J.: 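Could you have a look at this structure, given as C-alpha cells, before my questions?
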Amino acid sequence: MRSLLEVVAIGLVVLLALLAGLFVRREVFARGHGTVELYLRLRQTAGGRGWAPGFAQFRGDDLRWYRMFSLSPRPRRTLSRRDLKVVARRAPSAEEAVLVPADWVVLQCADSRAQVEIAMPLHTVTGFLSWLEAAAPYST
C-alpha cells in the first residue's frame, strides 16, 4: 500500500513540475516583448480541426510561432515577412469556432513553402499587417 502512495505522489510531483514548466516558459517568452496570442492551422482536416493554440514573437523579419502546450524552447514554425503574403481574410467558420474564438480573424497566407492559416484577435491583425508591410524593400 505504501509503495502505491509513493508512486501516486511522485506522479503528482512530476505533473506539477511539467505544468510549472509550461507556465514559466510562457512567462519567459511574454517578457520578450512583441508576443501575441496566435493560433496556427497545422493541418487541413474536416470539421474545422487542425488548429493549435500558441503564441508568436516578432523578431526582426521573422514571426516565430510556439505551441502553447509544449516545453520546447524552439519555435514550431517561423514565418518570414519577406515572402509572406496575405491571400484572404475571413471569420472562423461555425465548426472552427469550437477552438478559435468567433470574434477572431483567420488570415490565409502563403509563403515560399506552402499556404498557412493563422488566427488572431482583431486588435492583433492591425499590428500584424503593419509589421508585414514594414519589410525593407528588396535590393537586386
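A quick note: this is a predicted structure, and the numbers were derived from the prediction, not measured. Quick note: numbers below take in every heavy atom, side chains included, and nothing from hydrogens, waters or symmetry partners.
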J.: For residues V100 and E95, determine if any side-chain heavy atom of one lies less than 4.5 Å from a side-chain heavy atom of the other.
T.: no
J.: State plainly whether one hydrophobic cluster holds both L129 and V87, where clusters connect Ile, Leu, Val, Met, Phe, Trp and Tyr through side-chain heavy atoms under 4.5 angstrom apart.
T.: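 No, L129 does not connect to V87 through the hydrophobic network.
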J.: Specify the closest pair of heavy atoms between A56 and L63, including all atoms of both residues, with the distance to one decimal.
T.: CB-CD1, 3.6 Å
J.: Is the distance between the ring centroids of F58 and W131 less than 6.0 Å?
T.: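 Yes; W131 has its ring centre under 6.0 Å from that of F58.
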J.: Counting only N and O atoms by type, is there a donor-acceptor contact under 3.5 Å from the side chain of E133 to the main-chain atoms of S130?
T.: no
J.: R89 vs V125, test: side-chain contact (heavy atoms from CB on, under 4.5 Å). Steps then yes/no.
T.: CA-CA 10 Å; R89 176 181 175 163; V125 173; 4.1 Å; yes
J.: Checking D62 against R77 for the salt bridge (Lys or Arg N to Asp or Glu O under 4.0 Å) test, could you report, in this order, the C-alpha distance in whole Å, the side-chain angles of both residues, the deciding distance, and whether it holds?
T.: CA-CA 10 Å; D62 292 333; R77 181 90 189 258; over 6 Å; no
J.: Indicate every side-chain donor-acceptor pair of residues 114-124 with a distance under 3.5 Å to a residue at least two apart or in another chain.
T.:
residue: E117; atom: OE1; partner: R41; partner atom: NH1; Å: 3.0
residue: E117; atom: OE1; partner: Q44; partner atom: NE2; Å: 3.2
residue: E117; atom: OE2; partner: R90; partner atom: NH2; Å: 2.9
residue: E117; atom: OE2; partner: Q108; partner atom: NE2; Å: 3.0

J.: Would you give the length of the straight line joining atom CG of L38 to atom CE of M68, rounded to the nearest 0.5 angstrom?
T.: 10.0 Å
J.: Measure the spacing between CH2 of W104 and CH2 of W51 and express it to the nearest 0.5 Å.
T.: 9.5 Å
J.: As an exercise, state the distance from CD1 of I10 to CG of L12, rounded to the nearest 0.5 Å.
T.: 10.5 Å
J.: Report whether V98 and V106 are members of the same hydrophobic cluster (ILVMFWY, side-chain heavy atoms less than 4.5 Å apart, transitive linking).
T.: no
J.: Can you list everything that forms a side-chain contact (heavy atoms from CB on, under 4.5 Å) with L132? Sequence neighbours excluded, please.
T.: R81, L84, V86, F128
J.: With a 4.5 Å limit on heavy-atom distance, are the side chains of Y39 and P101 in contact?
T.: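 Touching, per the 4.5 Å side-chain cut-off.
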J.: List the atom of A52, the atom of L99, and the distance in Å for their closest heavy-atom pair.
T.: N-CD2, 4.5 Å
J.: Apply ring-ring contact (aromatic ring centres under 6.0 Å, His included) to W65 and list each qualifying residue two or more places apart in sequence or on a separate chain.
T.: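 None.
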J.: Which pair of non-hydrogen atoms, one from A97 and one from A102, has the smallest distance, and what is that distance?
T.: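 Heavy-atom minimum between the residues: CB-CB, 4.5 Å.
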J.: Quick check for you: to the nearest 0.5 Å, what is the distance between R76 atom CZ and Y66 atom OH?
T.: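 Output value for this atom pair is 14.0 Å.
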